[in-house]
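To start, the structure under review is shown below, and the notes come after it.
Keep in mind the model is a prediction, meaning the values are calculated, not measured. By convention in this document, chain letters (A, B, ...) are assigned in the order of the sequence lines, proteins followed by strands, and residues within each chain are numbered from 1. Quick note: numbers below take in every heavy atom, side chains included, and nothing from hydrogens, waters or symmetry partners.
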2 protein chains.
Amino acid sequence: MKRNDTACDCNIIHRDVVDRVSKTMPREETLYDLAELFKVFGDSTRIKILCALQQQEMCVCDIAALLGMTQSAISHQLRILKQARLVKYRREGKVVYYSLDDEHVSNIFAQGFAHVSHR
Amino acid sequence: MKRNDTACDCNIIHRDVVDRVSKTMPREETLYDLAELFKVFGDSTRIKILCALQQQEMCVCDIAALLGMTQSAISHQLRILKQARLVKYRREGKVVYYSLDDEHVSNIFAQGFAHVSHR
DNA sequence: ATTACATATGAATATATGCTCATATATTCA
DNA sequence: TGAATATATGAGCATATATTCATATGTAAT
């Protein structure tokens with residue numbers, strides 16, 4: 001039987017299926033970005049921060065106090081959330097206030113909650 | 001100034017905010033589960049598998065061929081997706097067909113796409 | 001039974017990542 | 001200018017994780 005030409009150790013059982021699905025797959029880069037986005041959601045500290053910010057904007061210190069974690073740990077995580085464009089910030093004197101940057105955050109949360117709830 | 005009583009190295013600047021948000025936070029366990037769920041979405045191989053299965057059910061070999069990866073790697077990832085209740089399977093002779101197990105998957109995907117697209 | 005094939009899985013390795021610690025930067029106030 | 005405070009960040013460490021390799025399991029056909 002003929003081996004396929006990809007870097008895979010399997011025979012293709014259903015070539016038609018593979019070919020058809022292959023055509024519908026989004027660009028590699030898009031899927032990578034998507035995984036990177038969900039990776040940001042995939043940490044309980046960041047989830048907690050996002051969850052808190054859904055209620056209202058908060059400063060770094062207060063988030064740290066809320067979660068019982070160090071300012072440094074929170075600041076590191078906020079940087080990741082910032083890079084993912086999930087939070088934005090505004091400075092007011094020495095204090096930096098963070099808030100959600102995107103309406104999709106709530107939607108993604110809602111779907112996630114729905115999944116972990118119904119079982 | 002008074003230090004807070006949590007394991008945090010910050011002063012609480014806005015005690016009212018922290019107290020109020022604290023009351024709205026879901027249970028620790030729920031947030032942990034939520035992070036665990038998103039962690040599953042946070043890998044490009046698993047994202048690709050889920051994306052493919054959105055089109056139709058597929059067997060392990062064909063997924064491996066589609067993604068150009070080994071059967072073993074795909075099988076390991078399918079186990080993780082199975083444990084997260086994101087995919088289900090049916091056996092037909094030697095072949096095991098996987099498909100999406102949950103309508104939330106598509107919704108979570110859609111929101112994720114929306115986020116990574118609009119920029 | 002034996003062979004072939006599709007899939008599953010345990011161990012090992014390489015890489016990624018979250019937190020800590022120390023320190024830097026930014027802003028305010030005296 | 002100097003001290004105090006809020007935040008940011010680089011390095012290091014401990015842990016988690018994705019893939020590979022070898023092998024086990026399950027099913028069908030001869």
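Atom P of nucleotide C:dA16 and atom NZ of B:K39 are separated by 17 Å, given to the nearest angstrom. Atom CG of B:D62 and atom C1' of C:dA6 are 11 Å apart (whole Å). Put simply, CZ on B:R91 is 5 Å from P on D:dT27, counting in whole angstrom units. Taking atom CG of A:L78 as the reference point, atom P of C:dG18 lies 13 Å away to the nearest angstrom. If you take CG of A:L81 and C1' of D:dA8, they are 15 Å apart, rounded to a whole angstrom. We find that OH of B:Y97 is positioned 15 Å from P of D:dT27, with the value rounded to whole Å. When the P atom of D:dA18 is taken as reference, atom CD of B:Q83 falls 12 Å away, rounded to whole Å. Here the C1' atom of nucleotide D:dT17 and the CD1 atom of B:I47 are 16 Å apart, to the nearest Å.
Contact of B:H76 with D:dT20 (side chain to base): a donor-acceptor pair of N or O atoms is detected under 3.5 Å. For A:Q71 and D:dA6, a side-chain-to-base donor-acceptor distance below 3.5 Å is absent, hydrogens and geometry of angles not being considered. Side chain A:S72 to base D:dT9: a donor-acceptor pair is found below 3.5 Å. In terms of polar N and O atoms assigned as donor or acceptor, the side chain of B:Q77 never comes within less than 3.5 Å of the base of D:dA18 in a complementary pairing. One cannot find a donor-acceptor pair under 3.5 Å joining the base of C:dC19 and the side-chain atoms of A:T45.
You'll find that the side chain of A:T70 is closest to C:dT20, out of D:dG26, C:dT20, D:dA6. Distances were taken from every side-chain heavy atom of A:V96 (C-beta onward) to each of C:dT9, D:dA8, D:dT17; the shortest belongs to D:dA8. Side-chain atoms of A:D43 lie closest to C:dG18 of the nucleotides C:dG18, D:dA8, C:dT27.
Across all strands shown, the partner of D:dA28 is C:dT3, judged by Watson-Crick or G-U wobble contacts whose two distances both fall under 3.5 Å. Searching all strands for a Watson-Crick or G-U wobble partner of C:dT27 with both distances below 3.5 Å returns D:dA4. When both distances must be under 3.5 Å, the Watson-Crick or G-U wobble mate of D:dT9 is C:dA22.
Along DNA chain C, the nucleotide closest to A:K94 and the one closest to A:G42 are compared, and the more 5′ of them pairs with A:G42. Looking at which nucleotide of DNA chain D each of A:A73 and B:I13 is closest to, the 5′-most match is held by B:I13.
Residue B:I63 is out of contact with every strand shown, counting any heavy-atom pair closer than 4.0 Å.
Between A:R79 and D:dT7 there is no side-chain N or O to OP1 or OP2 distance below 4.0 Å. Between A:Y89 and the phosphate of C:dA26, there is no side-chain N or O to OP1/OP2 separation shorter than 4.0 Å.
When every heavy atom of B:L78 is checked against every heavy atom of B:V87, the shortest pair comes out as O-CG2, 4.1 Å.
When each of A:D33, A:D102, A:D101 is checked for a side-chain hydrogen bond (donor to acceptor under 3.5 Å, both in side chains) with B:H115, only A:D102 meets the rule.
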For A:Q54 and B:T24, run side chain to side chain contact (heavy atoms under 4.5 Å, CB included): C-alpha distance rounded to whole Å, both residues' side-chain angles, the deciding distance at 0.1 Å, then the answer. CA-CA 10 Å; A:Q54 271 194 315; B:T24 73; over 6 Å; no
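Side chains of B:M69 and B:Q77 form no contact here, defined as non-hydrogen atoms less than 4.5 Å apart.
Rounding to the nearest 0.5 angstrom, the gap separating the CG atom in A:L66 from the CZ atom in B:R20 is 12.0 Å. The line from CZ of A:F109 to CG of B:L31 is 7.0 Å long, rounded to the nearest 0.5 Å.
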